[in-house]
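Below you'll find the structure, written out as structure tokens, and then a few comments.
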Amino acid sequence: IMISFKIEVTEDYEALVPFFIENDLEFTEDEPVPTDIIKCWRIVTGDEEKLIGGFVLAKREGEFIVDGIAIDPDYRKYKLGKALLDKGIEETLKLGGKRIFLVARAPGFFRKSGFVTVPREEAPNFFECLTCPQYGIDCHPEVMRLDLQE
């Protein structure tokens, strides 16, 4: 079976939020700390353009952050998460960024791309995690950072 995917920039951040929530990313509509969204990508498949992936690159306290990344579980074997992550890294470099932070529910995936776990104090304040009911129960997030080489 041939499956085709389309990765594209989208202005429609609001359309990605329900997708992130369906894929177990904790999202709150009322962000306590202002986040500037830099760029969003989506991955769609099929003629009806079913949404199967999303990525949000943002900036918080002057640092680039992955504000959301998710792939539909049925499509995870196609390395689409890596493709989205690469887009975010490319864009960060283009904008002069030296590093990217994220909060990982799946740290192993990000480690493969060179991210390292860092103490929370060494990252910008972008954790809604601590107020989440899943925190420490089903979810053990790690704060991670990737240093970018030119």
Side-chain angles (χ1 to χ4, degrees), residues 1-116 123-129 131-135 138-149:
I1 303 168
M2 195 50 211
I3 298 179
S4 66
F5 306 108
K6 188 164 61 174
I7 299 181
E8 57 193 12
V9 172
T10 176
E11 301 296 314
D12 195 359
Y13 172 76
E14 295 306 318
L16 293 176
V17 172
F19 177 77
F20 286 142
I21 292 168
E22 279 162 36
N23 286 281
D24 296 329
L25 288 193
E26 294 301 328
F27 252 79
T28 48
E29 296 300 321
D30 46 323
E31 298 262 323
V33 185
T35 298
D36 296 321
I37 293 172
I38 307 288
K39 207 168 203 179
C40 303
W41 289 266
R42 67 180 195 152
I43 302 180
V44 293
T45 187
D47 296 335
E48 67 288 339
E49 298 215 326
K50 176 184 167 178
L51 180 63
I52 58 166
F55 184 97
V56 177
L57 180 68
K59 231 173 169 179
R60 178 83 59 96
E61 297 178 1
E63 295 282 1
F64 287 91
I65 61 168
V66 175
D67 203 38
I69 180 172
I71 300 294
D72 181 305
D74 295 341
Y75 295 90
R76 288 188 182 152
K77 60 182 175 273
Y78 298 105
K79 308 238 183 295
L80 298 173
K82 174 87 174 97
L84 284 175
L85 195 56
D86 289 346
K87 292 259 182 222
I89 289 168
E90 203 178 293
E91 187 69 17
T92 300
L93 283 168
K94 205 162 76 182
L95 296 170
K98 300 279 181 251
R99 56 200 188 168
I100 303 180
F101 289 92
L102 55 80
V103 178
R105 283 192 76 157
F109 167 78
F110 296 104
R111 258 188 217 106
K112 282 188 250 170
S113 293
F115 280 81
V116 295
N125 171 25
F126 62 113
F127 306 93
E128 285 79 41
C129 292
T131 58
C132 170
Q134 303 304 313
Y135 181 74
D138 306 348
C139 185
H140 303 274
E142 291 185 26
V143 179
M144 303 186 87
R145 185 185 77 215
L146 176 66
D147 292 312
L148 303 172
Q149 274 70 45

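Throughout, residue positions are numbered sequentially from 1 according to the sequence presented.
- Nearest approach of A104 to M144, heavy atoms of both residues: CB-SD, 3.6 Å.
- The nearest pair of heavy atoms linking N23 to P73 is OD1-CD, 3.1 Å.
- Residues I65 and V103 fail the side-chain proximity criterion, which asks for heavy atoms closer than 4.5 Å.
- For the atom pair CD1 of I71 and CG of L51, the computed distance is 9.0 Å after rounding to the nearest 0.5 Å.
- F110 contributes atom CZ, which lies 5.0 Å from atom CG of L102 (distance to the nearest 0.5 angstrom).
- Heavy-atom neighbours of D47 CG from other residues, nucleotides or ligands within 6.0 Å: at or below the threshold of 12.
- Every pair passing ring-ring contact (aromatic ring centres under 6.0 Å, His included) that includes a residue from residues 37-60 is listed here, sequence neighbours excluded: W41-F55.
- A 4.5 Å side-chain heavy-atom check between I100 and L148 finds at least one atom pair inside the cut-off.
- The side chain to side chain donor-acceptor pair (under 3.5 Å) search around R42 returns E8, E49, not counting sequence neighbours.
- In this structure, the salt bridge (charged side-chain N to carboxylate O under 4.0 Å, His left out) partners of R111, at least two apart in sequence or on a different chain, are E142.
- With values rounded to the nearest 0.5 angstrom, R60 atom CZ is found 9.0 Å from D36 atom CG.
- In this structure the side chain of S113 never reaches within 4.5 angstrom of the side chain of L146, judged on heavy atoms.
- Taking CG of L16 as the start and CD1 of I69 as the end, the distance is 11.5 Å to the nearest 0.5 Å.
- Scanning for side chain to side chain contact (heavy atoms under 4.5 Å, CB included) contacts around R99 gives E63, F101, R145, D147, with sequence neighbours left out.
- In summary, of the residues considered (D12, V56, D67), a side-chain contact (heavy atoms from CB on, under 4.5 Å) with C40 occurs for V56 alone.
- The closest side-chain heavy-atom distance from Y75 to I43 is not below 4.5 Å.
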Next item on the list: Test L95 against K59 for side-chain contact (heavy atoms from CB on, under 4.5 Å), laying out the working first.
Entry: CA-CA 11 Å; L95 296 170; K59 231 173 169 179; over 6 Å; no
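- Shown here are the side chain to side chain donor-acceptor pair (under 3.5 Å) partners of E48, two or more places apart in sequence or in another chain: there are none.
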What pairs of donor and acceptor atoms, side-chain ones from residues 80-91 against any protein atom, are under 3.5 angstrom apart with sequence neighbours left out?
from : atom 1 : to  : atom 2 : distance (Å)
K82  : NZ     : D86 : OD1    : 2.8
K82  : NZ     : D86 : OD2    : 3.4
E91  : OE1    : K39 : NZ     : 3.1
E91  : OE1    : K94 : NZ     : 3.3

